[in-house]
Structure formats: structure tokens, C-alpha cells
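Structure, as C-alpha cells:
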Amino acid sequence: MKATVSIRSVSKAYGATKVLDNVSLDIGAGEFLTLLGPSGSGKTTLLMVLAGFTRASSGSIKVTGVELLTMPPHQRDIGMVFQNYALFPHMSVAENVGYPLKLRGVEARERRRRVDAMLDVVQLAGYGERRIGALSGGQRQRVALARALVFEPRILLLDEPLSALDKQLRDRMQIEIRRLHERFGTTTINVTHDQQEALTMSDRIAIVNGGTLAQVGTPEEVYRRPRNRFVAQFMGETCMVPLRRDAHAAWFGDTRVALTPGRAGEMGEPGELWMALRPESLRIVETADDDSLCFDAVVKDHAYRGDAQIVYAGLADGHEVKVLMPPEPAASRGRRFAPGDRVKLGLPREDLVLVGEAA
Ligand code: ADP
Ligand code: MG
């Protein structure tokens, strides 16, 4: 039942503009994969090619071994939630949700049964007769999900399903969509430009940049081991600091940024090397120790945020980094940071991320 999706060398051009450039990606049975990338990177286009509303210029997509691209959209057995939901405003909630069943010739009584069951799942029991216009954003979002899942498709496509919701509702719907996924086990391809959402929801993330895949991996892999500058910059609040290189090492000022064997491969590449500094990996430390790299810095600003304290600090080369620290760490209880303070920043060596321009 659970479909696998095998995307091979899919390209799409509009005139001379390549929107998808030789994309290959395998999605496992029952997997929840997120396409994450900036606006205009080609995410929607890839979903539209999968759904059959856009024709690929070249390539192949197989679903459980069968070529999809030659099939008309209605035979593809794919449920989709569009970015703006694309609900039918003149129909009731129940008519919207029942629409895919009607298309598939399911008779009225069975249709009603399945629509009711589905409305129950998305916590809209009793809303069947409502008009779409009388629903909140979150409720519309649930109707769209119900309509995409009611015919138990082999594949579910979600195009920025949460982008129209406010932050609180978005957080809750992330969990709800995950629960729906666990319940139905539908192979799901989700699209977002929000990295937090991708990290929270996905089994794996494919990072899209200019119509190509910059990296594919688990949330932890793409966050902790970005393959190139684009991914490191895109995931998290990252300050990219260029390093100076010689034949054996990379340097930040006078600090030798030693390379562990696993990362030494990057040294072989020509071109520049960057160190990715993230707020949660940096600490303000009293003294240097062997397990951390240590940099001199000057405090620029300090903010208390309740659950954390934030220090903005300037490095010797002029870069400004953000340091996220526990609200009152025992070590610095009572300590206030003021602009102009000279401090030492520690970066545990295990959190060191070095990247080049290309993968
Ligand atoms: P995303 O969903 O990642 O924001 P899209 O897939 O919607 O990106 O668009 C990728 C690129 O393709 C954009 O530069 C967009 O302008 C272009 N594009 C999308 N659809 C068309 C079209 N029908 N004709 C011409 N260009 C298009
Ligand atoms: Mg889009």
C-alpha cells in the first residue's frame, strides 16, 4: 500500500530559465519528506510536476516502480493541499471534503460515511454543513487536509500548508499533521520555506536551492553537518566567518581551527572555507580549554528573554555573532554583560562546522 517515490533527473524550464535542474530524489514508503528552500527555488514546481499539473521538460518519476509522468493527474492517486488551500467557496465543508470521492464515483451514502469519519479525524465533526467563508484559517486548513486524505491516496503533497496561519496555530498544526501522518502512514512530500517547521515535522529534509538539491538528510544531519555554505547559512541563525587557509590548517586570526579527520576532506578542496557559528553552540567562557576553540570578542548588546539571555558580540575580524545562553547559568549567576566588555567565546570542537562553497 505505501508508495515509494523515485525522482530521476527531473528538469523543468520556462523558456531559457531552468526552474528544476536535474533533480533526483528517493522517498521511502511512508516517509515524511520536506522540501525546504527559499521562495522561488522551485519547490511548488516540483510538487506540480508530481501532481501532474505541470509537465516536466525531462526526467522520470516512478511510484512503486511505475512511471508517473505519462499518467494523467486524476489517475495518479495523489492528495494535495495547495498553498492557498483552493477550497470551493460555493460548496459546504462536507461537499468540499466529499469532492474527491464523488470524482471517483463513490455513492452518496458511502461518501457521507467517509466524509464524516474524516471530519472527525481533523476535529471538525459537526461542521459539515458550514460554508467555507464561515470558517477560521485553521479550520480551512483542516478541511483542505481532510479533502486531500479522504480517498486514502498513495501520496500526499503539502504546499506550505501552514503559511497562512499565525504562529501559535502553526505550532499546533505541525503536531497535528505529524499525528495524521502517523495514523495514515501516507508517503508525504511537504513544502516549506520555514526551517524550524521542516526540522520539527520531517523524517528527512531536502534543501532546495535554485532548482537543485543542496543536501538531503535527516533534520539532525542537515542541521549539524551541512554540506556547503548555502545549507549552513540557511539552517539556523548562522554567522558565516571566512577562514584563512594554508596547506595544513585553517586559521581565524591567530586561532588555528584544527580539523578533525572526518572533516579534513574539506581541506583538499580549493576555494574558501567558512566556519558556521550558531547562537546555541557559542558560550561565554572564563578560560580556554582543550575541548573548545576560543575567540576574543567584545560585547555589543545584551538582552534578557526570560528563557534565555542573548549576547551580541563582535569578533576581532568585525563579524558580529549572537550567543544564546541559559537565563542564569550557575557559572555566571548575577553576571551582567555590558557593551564594551571584553569576553572569551568558547565553541566546543564537536560543534565546529566548516563548509566550502560547493558540496
Ligand atoms: P517556490 O515554490 O520554491 O517558491 P516555484 O516553484 O513557485 O518556487 O517557482 C520557481 C521559479 O519558477 C520562480 O522563479 C518562478 O517565477 C518560476 N515560475 C513558476 N511558474 C512559472 C510559469 N508558469 N512560467 C514562468 N515561470 C514560472
Ligand atoms: Mg511555492
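Whatever order the structure lists them in is the order used to number ligands and atoms, beginning at 1.
A cation-pi arrangement is found for R147 relative to F88, the charged atom lying closer than 6.0 Å to the ring centre and inside a 45° cone about the ring normal.
Comment: D77 engages R154 in a salt bridge, judged by a side-chain N to carboxylate O separation of less than 4.0 angstrom. The existence of a salt bridge linking D296 and R342 is excluded, since no basic side-chain nitrogen approaches an acidic carboxylate oxygen closer than 4.0 Å. A salt bridge links R113 with E110: the closest approach of a Lys/Arg side-chain nitrogen to an acidic carboxylate oxygen falls below 4.0 angstrom. Using a 4.0 Å cut-off between a side-chain N of Lys or Arg and a carboxylate O of Asp or Glu, E107 and R111 do not qualify as a salt bridge. Ion pairing between E31 and K2 fails under the 4.0 Å rule for side-chain N and carboxylate O.
Ordered by chain and number, T44 OG1 make up the set of protein N, O or S atoms under 2.8 Å of the Mg ion (ligand 2).
With F32 as the partner, the side chain to side chain contact (heavy atoms under 4.5 Å, CB included) test is satisfied by one option alone out of T187, I189, I177: I177. With S41 as the partner, the side chain to side chain contact (heavy atoms under 4.5 Å, CB included) test is satisfied by one option alone out of T212, L36, V208: V208.
Considering only heavy atoms from C-beta on, M325 comes within 4.5 Å of F337 through its side chain.
Each of Y14, V19, P38, S39, G40, S41, G42, K43, T44, T45 has a non-hydrogen atom positioned under 4.0 Å from some atom of ligand 1.
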